[in-house]
**Student:** 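Below you will find the structure I want to go over with you.
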Amino acid sequence: MSSKQRTQVAIIGAGPSGSVAAALLHQKGIDVVVLEKSLFPRFSIGESLLPACMEVIEKANMLSAVERANFQFKDGAAFHRNGKYTCFNFKDKFTEGAGTTFQVQRANFDKVLADEAVEQGVEIRYQHTLMNIDIAGEHSVLTVNDEHNKSYELEADFVLDASGFGRVLPRLLALEEPSCLPTRRAIFTHIVDNIDASVPENIDYDRNKILISVHPTNPDVWYWLIPFSNGTCSFGIVAEPAFFVDYPQDNITAIKQLAGEEPGLRQLLAKAEYPNPAGEIGGYSANVKTLCSDKFALLGNAGEFLDPVFSSGVTIAMKSSEIAADLLIRQFNGESVDWQKEYADALMIGVNTFRAYVEGWYSGELQDVIFHENPDHKIKQMICSILAGYAWDTNNPFVAQPERRLRMIAEICRDTKS
């Protein structure tokens with residue numbers, strides 16, 4: 001074992017939350033080392049960004065790099081259920097802020113952010129894997145294996161876990177807890193969509209929006225279709241595991257069969273090609289006993305992942321990076337920081353808002369609101385803000401009281417429908 005190395009902040013993972021946090025800290029002269037077990041580019045899901053991300057990307061001085069990458073422009077979200085199509089324009093929202101963003105192949109997007117962090121002077125150590133951590137002393141000591149499988153120790157004043165679904169610190173520190181959300185499974189692939197400019201007249205389609213389609217006979221089963229700028233799409237289906245039992249074990253065959261069951265997708269993807277293998281992820285919703293201490297903080301999916309339905313993952317990741325970086329900058333300047341109140345409680349405002357809408361989607365309440373024939377424009381703007389990622393704006397009544405407000409408006413929608 002080599003002599004102990006030292007840094008102010010060790011970051012586990014070079015995905016969006018790790019790269020952004022590293023850039024924000026480096027800007028303020030804080031010494032950062034990022035440990036990333038993979039080589040980039042590497043595949044990841046979470047491909048439809050929300051406009052609320054853009055402010056954080058800009059703050060990290062990464063916006064021009066993202067814009068140069070020619071990702072698919074995104075200005076809203078479209079929903080389709082049993083012939084009814086509705087959409088949300090992210091510019092027409094309650095909360096101030098960006099109203100457009102991008103739909104991204106995450107392998108490319110994550111590499112753009114990581115490369116930009118390195119360009120700014122951040123040290124990212126690829127193929128370095130955290131094996132153990134000791135947080136008992138004044139400083140945390142990380143035991144790391146490098147790309148040659150040689151072990152070394154890294155001492156850090158603070159550790160940020162940006163490991164995403166790897167959930168490294170929750171695993172090493174026994175912080176994992178079951179999620180309150182039911183277990184669900186997603187199967188997905190990247191397709192060559194061959195959606196012609198001449199989409200049939202009866203099919204509404206806008207490449208600048210993610211399309212969420214509801215299964216015609218199982219309203220808690222839904223599809224995502226995320227168009228990219230190169231003529232391909234990310235296409236996936238989310239359901240409880242038991243739903244997939246009656247479908248072929250080969251996921252590509254199952255995806256094709258399920259695409260044929262939703263009439264809108266059947267027409268839209270009539271000429272689609274499926275050249276890539278399918279991926280799947282199950283039991284992805286996660287929770288932890290604590291998000292932080294005076295030694296560490298969990299960023300994004302490392303702390304909590306809800307569900308892919310509203311593309312909240314990257315937004316929560318970036319918001320957590322921004323909050324944690326701001327607090328660390330203050331802490332290294334000698335200020336006292338209450339991590340539970342200023343990090344965990346602050347972050348959970350948005351997480352709990354997203355959770356309320358995820359639960360509302362599966363209970364049917366939110367679907368009834370989204371597909372209501374005559375929506376109130378102001379209420380639609382408030383919900384649009386949350387769909388655009390502005391889930392921390394407590395001036396929005398649907399953020400301040402998400403469950404109560406959603407339940408109330410769903411009842412009104414159901415009463416007017418009946």
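Hydrogens, waters and symmetry mates are skipped; everything else that's a heavy atom, side chains included, is used.
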**Student:** In sequence, state the C-alpha distance, the side-chain angles, and the governing distance for T232 and Q105, and then conclude on side chain to side chain contact (heavy atoms under 4.5 Å, CB included).
**Tutor:** CA-CA 10 Å; T232 67; Q105 297 96 327; 4.3 Å; yes
**Student:** Is it the case that more than 12 heavy atoms not belonging to E67 sit under 6.0 Å from its CD atom?
**Tutor:** yes
**Student:** Please state whether the rings of F243 and H215 are parallel, tilted or perpendicular, taking 30° and 60° as the class boundaries.
**Tutor:** perpendicular
**Student:** For P277, which residues count as a side chain to side chain contact (heavy atoms under 4.5 Å, CB included) partner, sequence neighbours excluded?
**Tutor:** none
**Student:** Please report the closest heavy-atom contact between L50 and G389, naming both atoms and the distance.
**Tutor:** CD1-CA, 3.6 Å
**Student:** Strictly below 4.0 Å, N to O, side chains only: are E373 and K84 in salt-bridge contact?
**Tutor:** yes
**Student:** If I take atom CG from residue L225 and atom CD from residue Q103, how far apart are they, to the nearest 0.5 angstrom?
**Tutor:** 9.0 Å
**Student:** Any ion pair linking D393 and K93 (charged N to carboxylate O, less than 4.0 Å)?
**Tutor:** no
**Student:** May I ask you to check whether H80 and E262 show a side-chain donor-acceptor distance below 3.5 Å?
**Tutor:** yes
**Student:** Does E96 CD have over 12 foreign heavy atoms under 6.0 Å away?
**Tutor:** no
**Student:** If you round to the nearest 0.5 Å, how far is CD of Q331 from CD of E342?
**Tutor:** 10.0 Å
**Student:** Does K59 have any side-chain hydrogen bond (donor to acceptor under 3.5 Å, both in side chains) partners at least two apart in sequence or in another chain, and if so, which?
**Tutor:** E322, D326
**Student:** Measuring from F40:CZ to I124:CD1, what's the distance to the nearest 0.5 Å?
**Tutor:** 7.0 Å
**Student:** With sequence neighbours left out, write down each residue that passes side chain to side chain contact (heavy atoms under 4.5 Å, CB included) with A391, or none if nothing qualifies.
**Tutor:** T353, F354
**Student:** Which value, rounded to the nearest 0.5 Å, describes the distance between T100 atom OG1 and N208 atom CG?
**Tutor:** 9.5 Å
**Student:** Please list, chain by chain and in numerical order, all residues satisfying side-chain hydrogen bond (donor to acceptor under 3.5 Å, both in side chains) with T129, sequence neighbours excluded.
**Tutor:** none
**Student:** Would you find more than 12 non-hydrogen atoms of other residues, nucleotides or ligands less than 6.0 Å from K295 atom NZ?
**Tutor:** yes
**Student:** With a 4.0 Å cut-off on N to O distance, would you call K341 and D345 a salt bridge?
**Tutor:** no
**Student:** Can you list the steps and then say if L175 with T290 is a side chain to side chain contact (heavy atoms under 4.5 Å, CB included)?
**Tutor:** CA-CA 7 Å; L175 301 175; T290 182; 4.0 Å; yes
**Student:** Hey, what do you get for NE2 (H372) to CD1 (I409), rounding to the nearest 0.5 Å?
**Tutor:** 8.0 Å
**Student:** Please walk me through it: do V288 and R167 pass side chain to side chain contact (heavy atoms under 4.5 Å, CB included)?
**Tutor:** CA-CA 10 Å; V288 288; R167 299 171 60 76; 3.5 Å; yes
**Student:** Not counting sequence neighbours, which residues clear side-chain hydrogen bond (donor to acceptor under 3.5 Å, both in side chains) with H139? List them please.
**Tutor:** D157
**Student:** If you round to the nearest 0.5 Å, how far is CD1 of I386 from CZ of R405?
**Tutor:** 11.0 Å
**Student:** Mind running side chain to side chain donor-acceptor pair (under 3.5 Å) on H128 and E147 for me, showing each step along the way?
**Tutor:** CA-CA 6 Å; H128 283 228; E147 68 271 34; 2.8 Å; yes
**Student:** What I want to check is whether the side chains of T7 and D31 have a donor and an acceptor closer together than 3.5 Å.
**Tutor:** yes
**Student:** Checking side-chain polar atoms at under 3.5 Å, does N352 have a donor or acceptor matched by the opposite partner on R355?
**Tutor:** yes
**Student:** In the structure I gave you, are the side-chain heavy atoms of W361 and Q367 within less than 4.5 Å of one another anywhere?
**Tutor:** yes
**Student:** Ignoring hydrogens, what is the shortest heavy-atom contact between F94 and N395? Give both atom names and the distance.
**Tutor:** CZ-O, 3.5 Å
**Student:** On the 0 to 90° scale, with breaks at 30° and 60°, tag the W224-W222 ring pair as parallel, tilted or perpendicular.
**Tutor:** tilted
**Student:** Among residues at least two apart in sequence or on other chains, which ones pass side chain to side chain contact (heavy atoms under 4.5 Å, CB included) with A317?
**Tutor:** S17
